[in-house]
Amino acid sequence: MSNGTMTDDLRASTTATFGSLSQRSLAIAVGLIGLCAGAIVPTYLASDFVLRLGSEGLLLGLLALSVAFLMNQAGLVALGAASIYGGAGYLFAIGMSDWGLSPTAALCVAFLILLVYAAMLGALIVRTNPLAFMMLTLAAGEMISHAVLLEGLRDYTGGADGLVVRVNGSVLGIDALRFADPVQFWCIAWIVTVLIGLAFWAIGRSRLGVVLRAIRGNEERMRFSGFNTFLPRLIGYVLVNVAAAIAGFLHVLNAGFVSPESLGLFVSTNTLVAALIGGISGSLGPILGGLIFSFAQDEFGARGLTQLLTGVAIVLFIVVFPRGVVGGLSSLSKRLGWRREGA
């Protein structure tokens, strides 16, 4: 090989390497700017009421993201997301009021309990077919939502009245008062939601995501090829419940109250609807769906026709955007691009 050829190859390799690094650096810079802008700009443009609605939408979007990830990657629909979401609030409150733990310790203990619960439940149900999985998650969620209403547990759960959660001091180094402030809580919720969205996006592109999609496509072939089809599904199920638990902790810290409604089927169905509205194929869709659903519910409620208008809107969204808003806009942009190339 001549020196000229070696020099050209080295130059091409160096150019490609620097080009790749520059693209990554640009992507990271744009991401950081978007993260900061999303956290700060709305606090100057929106009122406290709008920020509260937006924060509720982000938490619903975070919950919808957990459901959508499992649907997209593993082909499994979980209807018990509310049991983790509301359970996080109950365990956190009980840890402080009845177990005498500090806020940070109560949060960590509650998180560990939910992690063990998700792992145990997942070990029992991830081997089942998709329909049985959906029904079992629904049954488990309904059992927990009714358990908090039992008279024997009223001293711990507050029964139908729920629990007022008073947090003194700080949680994970953050002053508890910041969670009650609409401006500061928007920033916290936005940053947490974006980071978890990026984490799920990265997991979807990782080996775990590839294996989950392959199992969804043909589980028997994967099993005969020597792959463990149980463990990846279990890991995926636990991961989505971690996101649901984080959303539940943020909710109770912001609201200062937890009630049986946060464990109910209503929350789980709203979560599924938000995921379908935004689209389940990525991280952006469910989060956007949560925001759309939150603001739409407020607008419909102001007109006194919440359920009717919600039903009509869901039907229209699914008919017009069968792949969700993000999927529909992506398809539209591709079609426009093809038309321009053809012209």
- request: Find out whether Leu59 and Leu63 are in side-chain contact, i.e. whether some heavy atom of one side chain is under 4.5 Å from a heavy atom of the other.
  value: no

Minimum side-chain heavy-atom gap Trp186-Asp48 below 4.5 Å: no

- request: Test Val165 against Val167 for side chain to side chain contact (heavy atoms under 4.5 Å, CB included), laying out the working first.
  value: CA-CA 6 Å; Val165 184; Val167 183; 3.9 Å; yes

- prompt: Ser294 side chain to Leu291 main-chain N or O, any donor-acceptor pair under 3.5 Å?
  reply: no

- prompt: Would you say Thr157's side chain and Val148's backbone share a donor-acceptor pair under 3.5 angstrom?
  reply: yes

- prompt: If you draw a 6.0 Å radius around CZ in Arg213, do more than 12 non-hydrogen atoms from other residues or ligands fall strictly inside?
  reply: yes

With rounding to the nearest 0.5 angstrom, report the [atom1] to [atom2] distance, [X] to [Y].
| X | Y | atom1 | atom2 | result |
| --- | --- | --- | --- | --- |
| Leu276 | Arg323 | CG | CZ | 13.5 Å |
| Phe179 | Leu253 | CZ | CG | 5.0 Å |
| Ile144 | Ser83 | CD1 | OG | 4.5 Å |
| Phe295 | Glu56 | CZ | CD | 9.0 Å |
| Arg221 | Thr229 | CZ | OG1 | 14.5 Å |

task: Under the ring pair (Phe, Tyr, Trp, His ring centres under 6.0 Å) rule, collect the residues that match up with Phe200, sequence neighbours excluded.
output: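 Result, ring pair (Phe, Tyr, Trp, His ring centres under 6.0 Å) vs Phe200: Phe69.
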
- prompt: Of all residues at least two apart in sequence or in a different chain, which pass the ring pair (Phe, Tyr, Trp, His ring centres under 6.0 Å) check with Phe293?
  reply: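 Checked Phe293 against ring pair (Phe, Tyr, Trp, His ring centres under 6.0 Å); zero matches.
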
Grab the two heavy atoms, one from [X] and one from [Y], that are nearest each other, plus how far apart they are.
| X | Y | result |
| --- | --- | --- |
| Phe300 | Thr310 | CD1-OG1, 3.5 Å |
| Pro42 | Leu51 | O-CD2, 3.8 Å |
| Ala214 | Met222 | CB-SD, 3.5 Å |
| Ala81 | Ser268 | N-OG, 3.7 Å |
| Cys187 | Thr43 | SG-CG2, 4.0 Å |
| Leu91 | Ala110 | CB-CB, 3.5 Å |

task: Output every pair passing ring pair (Phe, Tyr, Trp, His ring centres under 6.0 Å) with a member in residues 79-98, not counting sequence neighbours, ordered by first then second residue.
output: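 Listed once each, the pairs are Tyr85-His251.
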
task: Hey, could you give me each pair passing ring pair (Phe, Tyr, Trp, His ring centres under 6.0 Å) that has a residue in residues 104-156? Not counting sequence neighbours.
output: Phe133-Tyr237

- request: Would you list the pairs meeting salt bridge (Lys or Arg N to Asp or Glu O under 4.0 Å) in which at least one residue belongs to residues 158-187, sequence neighbours left out?
  value: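 Sorted result for residues 158-187: Arg154-Asp161.
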
task: With sequence neighbours excluded, give me every salt bridge (Lys or Arg N to Asp or Glu O under 4.0 Å) pair touching residues 87-98.
output: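 For residues 87-98: none.
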
- prompt: Do NZ/NE/NH1/NH2 and the carboxylate oxygens of Glu219 and Arg233 come within less than 4.0 Å?
  reply: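 Arg233 and Glu219: salt-bridged.
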
- request: May I ask whether Val67 and Leu288 are part of the same hydrophobic cluster, defined by side-chain heavy atoms of I, L, V, M, F, W, Y residues being less than 4.5 angstrom apart, directly or through others?
  value: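 In one cluster: no.
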
task: Would you check, one step at a time, whether the test side chain to side chain contact (heavy atoms under 4.5 Å, CB included) holds for Asn72 with Arg216?
output: CA-CA 9 Å; Asn72 185 44; Arg216 179 196 64 189; 4.1 Å; yes

task: Mind running side chain to side chain contact (heavy atoms under 4.5 Å, CB included) on Val77 and Leu272 for me, showing each step along the way?
output: CA-CA 9 Å; Val77 180; Leu272 183 59; 4.2 Å; yes

